[in-house]
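Side chains are part of it too, since the values below use all heavy atoms of this structure and drop only hydrogens, waters and symmetry mates. None of the values given here were measured: they were computed from a predicted structure.
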Amino acid sequence: MVELAVPPASRSGGSEKDGADHFHLVVDNVTCPSCIKRIEEGVTSLPGVLAARLNLSTKRLSVATEKDAVDVAEIQSFLAGKGFHAMPFDPRQAAAGQDRQARDLLWRMAVAGFATANVMLLSVSVWSGHDGSMGEATRALFHWVSALIAVPAVAYAGQPFFRSAVEAISAKRLNMDVPISLAVILAMAMSFYRTWAGEAHIYFDAGLMLVFFLLIGRYLDRRMRGQVTATAQNLLALRALSATVVGADGTRQTCPIEALRPGMTVAVAVGERIPVDGAVLDGRSEVDTSLITGESLPQGVGAGDPVYAGTVNLAGPLQVTVGAVDEDTVLSEIVRLMEAAEQRRSRYVALADRVAKIYAPVVHILAAATLLGWWGLSSIGFEASLMNAVA
């Protein structure tokens, strides 16, 4: 029997040829460019860290460190202290997580849309009745029905924004979800108060509609980011998940790719994808190398010829000596190059990052100035001043 060992999972990357260690983490609660700048500058400031780059599309954080100087757990602990959740990158888990988040956003968007449509119907009736055709009792009833629909709907549909805002404030930072959450909560609270006080104007429809449109934007953003990463993920999906290892005594055993080591021998049947980079030890065949070379015609291979992970064995059985596996294969390098190209910043992205860094503080300062200005310099009163600040 062949003795197999599964490599430790403490590192999601490995030691590269440049002598540095490379880690890949997924930071799942990154929502805006200002978060990227905070994470990259913070991680880079850690002793032993050479570089850090976070991709907002994939939420993948790539970290280069001096060899054996920093452990993944240290980076995770540092990010947790800043309010960010980080975990080792796993393509399959990342794809599953993105699908779950997209479904969750879709459900919340559906609830917000349904509630918005119903509250708008009630609001249109109330607006039409402001000419005196609707009695105060009927108007109050419509307001209370709107409250019964809007408050639970916002409490459920707005959770992605509320959770993000709470996490940001807990970590003593601001993100774009903080002003969003404040605006929605204040609008709903003021509307409930005005309903209780029997006022003529309420704003349940405005708060709900804001949540609905923001969820549409976030869902479309999630879908767009998923499509951006689809090509790289499709390439990764072409990797074999298991291989048939040939032992020194000729016995064969199926094992996961993670258990392979350079120098092992694997058998590749006709029609199978070659699981590793290596050289043909025995056999002759034709291999579809279009994934690597772009050539549509199969390439003949024999003993000593190189073969690559992800290519397809077409003609005859082969035995291949393992040279490189998993993250060290040419296929994985192609995916890394694609992601590196996507991560490069244009001058427009750099400008957006600088603007986003000051966006939330500026919004809060302007809202506070609006409240104090209207309240102190006009006669409209605190309630109307607060609604101006919310707007």
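A donor-acceptor pair under 3.5 Å is formed between the side chain of Ser385 and the backbone N or O of Trp375. With Ser181 contributing its side chain and Phe161 its backbone, the two residues share a donor-acceptor pair below 3.5 Å. In this structure, the side chain of Ser170 engages the main chain of Val166 through a donor-acceptor pair within 3.5 Å. Judged by distance alone, the side chain of Asp277 and the main-chain N or O of Ala309 form a donor-acceptor pair under 3.5 Å. Although no hydrogens or angles enter the test, the distance criterion places no donor-acceptor pair under 3.5 Å between the side chain of Arg108 and the main chain of Gly158. Checking side-chain atoms of Thr329 against main-chain N and O of Val325 turns up no donor-acceptor pair under 3.5 Å. Judged purely by atom type and a 3.5 angstrom limit, Ser285 uses its side chain to pair as donor or acceptor with the backbone of Gly316. Under the 3.5 Å distance criterion, the side-chain polar atoms of Asp305 are matched with a main-chain donor or acceptor of Gly302. Judged by distance alone, with hydrogens and angles left aside, the side-chain atoms of Asn313 form a donor-acceptor pair with the main-chain N or O of Ala269 at under 3.5 Å. Thr138 places no side-chain N or O within donor-acceptor distance of the main-chain N or O of Met134, the cut-off being under 3.5 Å.
Taking 4.5 Å as the limit, some side-chain heavy atom of Val63 sits within range of a side-chain heavy atom of Val43. By the 4.5 Å heavy-atom criterion applied to side chains, Val320 and Thr265 are not counted as neighbours. No side-chain heavy atom of Leu61 sits under 4.5 Å from any side-chain heavy atom of Arg53. Under the 4.5 Å side-chain criterion, counting only non-hydrogen atoms from C-beta, Glu199 is not in contact with His143. Counting heavy atoms from C-beta on, the side chains of Ile75 and Leu79 come closer than 4.5 Å. Counting only heavy atoms from C-beta outward, the side chains of Met109 and Ile216 approach each other to under 4.5 Å. Taking the side chain as every heavy atom from C-beta outward, Pro317 and Val268 never approach each other to under 4.5 Å. Side-chain contact check for Leu122 versus Ile149: some heavy-atom pair is nearer than 4.5 Å.
No chain of hydrophobic side-chain contacts below 4.5 Å, direct or via other Ile, Leu, Val, Met, Phe, Trp or Tyr residues, connects Leu371 to Ile180. In the hydrophobic clustering of ILVMFWY residues, with side-chain heavy atoms under 4.5 Å counting as a link, Leu220 and Leu210 come out together. Under the 4.5 Å side-chain heavy-atom criterion for ILVMFWY residues, no single connected hydrophobic cluster contains both Met387 and Val119. Note: the hydrophobic cluster containing Trp196 also contains Leu141 (ILVMFWY, side chain heavy atoms under 4.5 Å, direct or indirect links). Tracing side-chain contacts under 4.5 Å through hydrophobic residues (I, L, V, M, F, W, Y), one reaches Phe212 starting from Ile185; they form part of the same cluster.
Note that CZ of Arg218 and CG of Leu214 are 7.5 Å apart. Values are rounded to the nearest 0.5 Å. A distance of 6.5 Å separates SG of Cys255 from CE of Met264, quoted to the nearest 0.5 Å. To the nearest 0.5 Å, atoms OG (Ser146) and CG (Leu208) are separated by 9.0 Å. Expressed to the nearest 0.5 Å, how far CG of Leu386 lies from CG of Leu186 amounts to 5.5 Å. We find the CD1-CG distance between Ile39 and Leu25 to be 10.0 Å, quoted to the nearest 0.5 Å. Taking CG from Leu50 and OG1 from Thr65, the interatomic distance works out to 6.5 Å, rounded to the nearest 0.5 Å.
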Yes or no on side chain to side chain contact (heavy atoms under 4.5 Å, CB included) for Val322 and Val276, after CA distance, side-chain angles and deciding distance?
CA-CA 6 Å; Val322 177; Val276 297; 4.0 Å; yes
Gln253 and Val246: side chain to side chain contact (heavy atoms under 4.5 Å, CB included), yes or no, with the steps?
CA-CA 7 Å; Gln253 180 178 354; Val246 181; over 6 Å; no
Residues Trp374, Phe382; criterion side chain to side chain contact (heavy atoms under 4.5 Å, CB included); working and verdict
CA-CA 8 Å; Trp374 280 100; Phe382 174 77; over 6 Å; no
Between Phe204 and Thr195, does a side chain to side chain contact (heavy atoms under 4.5 Å, CB included) hold up when you go through it step by step?
CA-CA 10 Å; Phe204 290 122; Thr195 299; 3.4 Å; yes
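Few gaps surround CZ on Phe162; more than 12 heavy atoms of other groups in view lie less than 6.0 Å from it. More than 12 heavy atoms of other residues, nucleotides or ligands lie within 6.0 Å of CZ in Phe78, so this atom counts as buried by the packing criterion. Surrounding CH2 of Trp144 are more than 12 heavy atoms belonging to other residues, nucleotides or ligands, all under 6.0 Å away. Annotation for Tyr193: atom OH does not count as buried by contact number, only 12 or fewer foreign heavy atoms lying within 6.0 Å.
Between Trp127 and Phe142, the distance from one ring center to the other does not fall under 6.0 angstrom.
Scanning all heavy atoms of the two residues, the minimum distance from Asp205 to Ile202 falls at OD1-O, 4.1 Å. The heavy-atom pair separating His364 from Leu182 by the smallest distance is NE2-CD1, 4.0 Å. Ala150 approaches Met188 most closely through the heavy-atom pair CB-CE, 3.5 Å. Considering all non-hydrogen atoms of both residues, Thr244 and Arg252 come closest at CG2-CB, 3.8 Å. Annotation for Ala243 and Leu260: closest pair CB-CD1, 3.9 Å, computed over non-hydrogen atoms. Pro275 and Val266 make their closest contact through CG-CG2, 4.3 Å (heavy atoms, listed as atom of the first residue, atom of the second, distance).
Of the options Leu314, Ile274, Val312, a side chain to side chain contact (heavy atoms under 4.5 Å, CB included) to Val287 is made by Ile274 and by none of the others.
Between Asp288 and Arg273 there is no salt bridge, since no side-chain nitrogen of the basic residue lies less than 4.0 Å from a carboxylate oxygen of the acidic one.
The closest side-chain donor-acceptor pair between Thr370 and Asn388, if any, does not fall under 3.5 angstrom.
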